[in-house]
Amino acid sequence: MNRLVELAEKEMVRREMLEICRQSIPLGADGKVLQAVLRKSGYDLTEQQVTEQLYYLQGKKLVELQDASNRTLGIQRTIARITPEGMDVLEGNGTAEGVGG
């Protein structure tokens, strides 16, 4: 695939992830939920790819990531919550390079 096409797709995926996090306020969304919703939107990402994009968005301060685990039940999840900066990007009151518009 063309590098520019790959880059544009990543930017659109990141924006979609922000929108999913916005819709999941106040609880946030975990990686598996994000992966399932993205798949329904036509983006077939692996769990690793979703994680990479979440850490990218966290680095831009557009989402906050929180580990939620329970050793007794064997549950390990990372919950993503949109930040005020992420809301600004979605609403057009701010910009973030690397996030599609």
Side-chain angles (χ1 to χ4, degrees):
M1 187 184 295
N2 182 315
R3 176 127 169 87
L4 289 177
V5 172
E6 285 180 32
L7 189 58
E9 186 168 292
K10 282 182 181 180
E11 290 177 358
M12 296 310 297
V13 163
R14 292 173 190 145
R15 183 167 194 88
E16 186 74 21
M17 291 173 86
L18 283 178
E19 183 59 38
I20 295 164
C21 289
R22 185 189 65 79
Q23 291 178 21
S24 67
I25 291 172
L27 301 175
D30 78 340
K32 292 190 185 300
V33 169
L34 287 163
Q35 186 179 19
V37 175
L38 288 168
R39 188 173 295 122
K40 288 189 179 281
S41 297
Y43 300 106
D44 192 22
L45 275 66
T46 65
E47 192 173 331
Q48 178 64 32
Q49 289 170 318
V50 170
T51 299
E52 288 170 5
Q53 297 310 314
L54 284 174
Y55 280 98
Y56 179 91
L57 292 170
Q58 180 186 39
K60 296 277 187 175
K61 300 187 181 350
L62 303 177
V63 298
E64 294 174 340
L65 301 181
Q66 178 182 11
D67 288 324
S69 60
N70 183 313
R71 290 183 191 189
T72 305
L73 297 176
I75 297 171
Q76 172 59 40
R77 298 241 164 88
T78 299
I79 307 298
R81 290 185 181 85
I82 194 165
T83 62
E85 293 87 353
M87 290 290 287
D88 284 344
V89 168
L90 287 179
E91 294 173 353
N93 297 324
T95 59
E97 196 157 328
V99 178

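Side chains included, hydrogens not; waters and symmetry mates left out as well; all remaining heavy atoms used.
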Check your understanding: Okay, side chain of Q35, backbone of L45: is any donor-acceptor separation there less than 3.5 Å?
Key -> yes
Revision key, fill the gap. Nearest heavy-atom contact between V33 and A29 is CG1-CB, 4.3 Å
Check your understanding: Taking atom NZ of K10 and atom CE of M17, what is their separation to the nearest 0.5 Å?
Key -> 12.5 Å
Exercise for review: Using modelled atom types only, decide if a donor and an acceptor are shared between the side chain of R14 and the backbone of G98 within a distance under 3.5 Å.
Suggested key: yes
Check your understanding: Just wondering, more than 12 heavy atoms not from E47 lying within 6.0 Å of its CD?
Key -> no
Exercise for review: Side-chain contact test, heavy atoms from C-beta onward, threshold under 4.5 Å: evaluate it for L65 versus V63 and give yes or no.
Suggested key: yes
Review point. Looking only at heavy atoms, what is the nearest atom pair of E97 and K60, with distance?
Key: O-NZ, 3.1 Å
**Study point:** R3/E6 salt bridge by N-O under 4.0 Å criterion
**Key:** no
Point to revise | Derivation of the side-chain hydrogen bond (donor to acceptor under 3.5 Å, both in side chains) call for T46 and Q48 | key: CA-CA 5 Å; T46 65; Q48 178 64 32; over 6 Å; no
Study note, to complete from the structure: CD (Q53) and CG (L18) are apart, to the nearest 0.5 Å, by 11.0 Å
Check your understanding: Can you tell me how far the CG atom of N70 sits from the CZ atom of R77, to the nearest 0.5 Å?
Key -> 11.0 Å
Exercise for review: Output the distance between atom SG (C21) and atom CG (L34), rounded to the nearest 0.5 Å.
Suggested key: 5.0 Å
Check your understanding: Is it true that a side-chain atom of T78 and a backbone atom of Q66 form a donor plus acceptor pair closer than 3.5 Å?
Key -> no
Practice item. Verify the cluster assignment for L38 and I79: are they in a single hydrophobic cluster under the rule of side-chain heavy atoms below 4.5 Å apart? Key: no
Check your understanding: Hey, any chance V13 and L7 share a hydrophobic cluster, counting ILVMFWY side chains that come within less than 4.5 Å of each other, even indirectly?
Key -> no
Point to revise | Test item: R81 side-chain N/O and L27 main-chain N/O as donor-acceptor pair under 3.5 Å | key: yes
**Study point:** For the student: nearest non-hydrogen atoms of G31 and V50, plus distance
**Key:** O-CG1, 3.9 Å
Exercise for review: Check whether any side-chain heavy atom of D44 lies under 4.5 Å from a side-chain heavy atom of R39, and answer yes or no.
Suggested key: yes
Study note, to complete from the structure: dist E85:CD -> E64:CD (nearest 0.5 Å) comes out at 8.5 Å
Exercise for review: Could you tell me the separation between the CD atom of E91 and the CZ atom of R22, rounded to the nearest 0.5 Å?
Suggested key: 8.0 Å
Check your understanding: Is R15 close to L90 at the side-chain level, that is, under 4.5 Å between some pair of heavy atoms?
Key -> yes
